[in-house]
Amino acid sequence: MLAWLEPVGIAALWAVVFVRAPQGIPRREQRPLWLALVMIALAMSLHLEPVTEALGRVLGGEHRVDLATHLLSIVDAAAVLWFVCGAAGRHRHTRLVFGSALAVMAVLVALDAAAPVHARNRIDPLPAAAGVPDAYWWLFFAFHLLADTTCGFVCWAYGRPGTPRPLRYGLRLFGTGILLASLLWVCKLLYLATRSDALAPLFPLITGCEALCMAAGAVLPEVARVRECLCHLRTHRQLEPLWRDVTAVAPDVVLGPGSLRRAVALPVHLRMYRRVIEIRDALIVLRGYVTPAARDLAERLVADHGVRGASAEATVAACCIAAALQAKRDGRLPEPREAGFTGPEARGLAQEVEQLLLIASAYRSPAVQAYRAELGDVEPRAQSR
């Protein structure tokens, strides 16, 4: 009933391979994981019977495909183990991992060559049937069991609390997938020992769950990255009306000529950071245009509109920005002022972005619209004094 789970899981794994390719290929720190995923997906795909039959027709025999698939899966297990050891800072195990894999592959080839002529490398229900000896399978399954179990426990050990959440859950899911692979090898060892037909239906079910867990674990950090990019993009868009108005009267704060092509090529978090810098620099230029009378009017109108807390500070700041923009457009001369008008200084980029988002939201509020309407009656008197 669940025969579909294996191809679906493998398809999901291939989808993750293609999704992660733009980051996995050029970035050296992510390349080992990406290559390991490619090899896992390839090894699983070659175990699918339709794939084996199709390659057998091309290569002139399914026996060659079986042997190549088994050798590739040994390389795959070694590559995953190498990646996990490298992530754990144990690069000294590289020679041991790949040296063991090469030795196992050599023994498998020798056992296959010494066996009687056989059409497939399969575990026959009858132990006396022609084919590779059981030693071939004991060695093949034992290497996978050792490698995958080690990988799974290392992934769970490094997915401990304190690790960033997407990475922590990604490691745990990936580790769970590898431990499911260990369960598969245990089942196959039991099948080798018993030849029980009750175990065979479990193989595709476990493989499908293994592939889905690995795919989910590998894609989870990428999902978090996409979510973060969307958040930066939303912030960039929400700050645009405020940025457009303040940079129109202070164009010198814009960081270099902005062609559309270069702007799109710039990573979205850098675009958002650049917008924050330009707004802050423009507000420093504008602070000399805010008179005490304009600020007093802003505080009074904000209180009259019932705005409280952080929103009140942001609305007062938005009113002061509106007053400064009007004064700058009218050609009034600025006065030297040390203090800004956007509230207490932010601690870090996150707090600064939060503060500017509140101001940008208040900038379009009814309180600021009412402030603009009354500003003309206050500023001339301030100028006459």
Side-chain angles (χ1 to χ4, degrees), residues 9-10 12-13 15-17 19-20 23-24 27-44 72-104 139-190 202-203 205-228:
I10 295 173
L13 202 56
V16 173
V17 166
V19 166
R20 291 192 63 98
Q23 287 76 39
R27 298 183 182 179
R28 187 169 63 179
E29 69 277 7
Q30 294 191 24
R31 199 174 301 146
L33 173 60
W34 185 80
L35 291 173
L37 288 172
V38 171
M39 298 192 70
I40 292 171
L42 184 59
M44 286 184 175
L72 179 64
S73 68
I74 294 294
V75 177
D76 155 43
V80 176
L81 183 58
W82 169 71
F83 164 73
V84 171
C85 288
R90 301 176 181 177
H91 297 283
R92 64 181 181 274
H93 295 307
T94 300
R95 291 184 179 179
L96 175 62
V97 169
F98 286 104
S100 301
L102 288 173
V104 169
L139 179 62
F140 180 69
F141 296 152
F143 181 84
H144 275 288
L145 179 61
L146 178 62
D148 290 345
T149 304
T150 303
C151 290
F153 281 118
V154 170
C155 286
W156 267 89
Y158 277 81
R160 56 182 178 267
T163 308
R165 183 177 297 179
L167 180 59
R168 180 168 75 247
Y169 291 149
L171 282 170
R172 289 178 178 180
L173 278 170
F174 194 80
T176 299
I178 298 180
L179 290 176
L180 283 171
S182 298
L183 176 62
L184 175 67
W185 304 124
V186 169
C187 290
K188 289 196 173 185
L189 285 169
L190 290 174
L202 296 176
F203 300 160
L205 174 63
I206 296 174
T207 301
C209 293
E210 169 197 351
L212 287 173
C213 285
M214 286 184 177
V219 83
L220 195 59
E222 189 68 15
V223 170
R225 188 189 68 82
V226 170
R227 182 180 177 184
E228 185 180 22

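Throughout, residue positions are numbered sequentially from 1 according to the sequence presented.
Within the 4.5 Å cutoff, the side chain of Phe141 has no heavy atoms near those of the Val186 side chain. Between Met44 and Glu210, the closest side-chain pair of non-hydrogen atoms falls below 4.5 Å. Contact check for Leu179 versus Phe174: no side-chain heavy atoms found under the 4.5 Å cut-off. When side chains are defined from C-beta on, Leu139 counts as touching Val104, because their heavy atoms get closer than 4.5 Å.
The two residues Phe143 and Ile74 come nearest to each other via the heavy atoms CD2-CD1, 3.6 Å. Taking each heavy atom of Leu173 and Ala216 in turn, the nearest pair found is CD1-CB, 3.9 Å. Residue Ala41 comes nearest to Ile10 through the heavy atom pair O-CG2, 4.3 Å, listed as atom of the first residue, atom of the second, then distance. Pairing each heavy atom of Leu13 with each of Ala215, the nearest pair is CD1-N, 3.7 Å.
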Item to check | Phe153 and Ile178: CA distance, side-chain angles, deciding distance, side-chain contact (heavy atoms from CB on, under 4.5 Å) verdict | outcome: CA-CA 9 Å; Phe153 281 118; Ile178 298 180; over 6 Å; no
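In this structure, CD1 on Ile40 lies 11.0 Å from CG on Leu35, to the nearest 0.5 angstrom. Note that CG of Leu205 is 9.5 Å distant from CG of Leu180, once rounded to the nearest 0.5 Å. Between the CG atom of Leu96 and the CG atom of Leu81 there is a distance of 8.5 Å, given to the nearest 0.5 Å. Put simply, SG on Cys209 and CG on Leu184 are 11.0 Å apart, with the number rounded to the nearest 0.5 Å. The CD1 atom of Ile206 sits 9.5 Å away from the NZ atom of Lys188 when rounded to the nearest 0.5 Å. With rounding to the nearest 0.5 Å, the separation of CG in Leu212 from OG1 in Thr176 is 12.5 Å.
The existence of a salt bridge linking Arg225 and Glu222 is confirmed by a sub-4.0 Å separation between a basic side-chain nitrogen and an acidic carboxylate oxygen.
Trp34 contributes a side-chain N or O that, together with a main-chain N or O of Val17, makes up a donor-acceptor pair within less than 3.5 Å. Ser73 places no side-chain N or O within donor-acceptor distance of the main-chain N or O of Ala43, the cut-off being under 3.5 Å. At least one donor-acceptor pair under 3.5 Å links the side chain of Arg20 to the backbone N or O of Ala218.
In this pair, Trp185 and Phe140 present their aromatic rings perpendicular. The plane angle is above 60°, beyond the 30 to 60° band.
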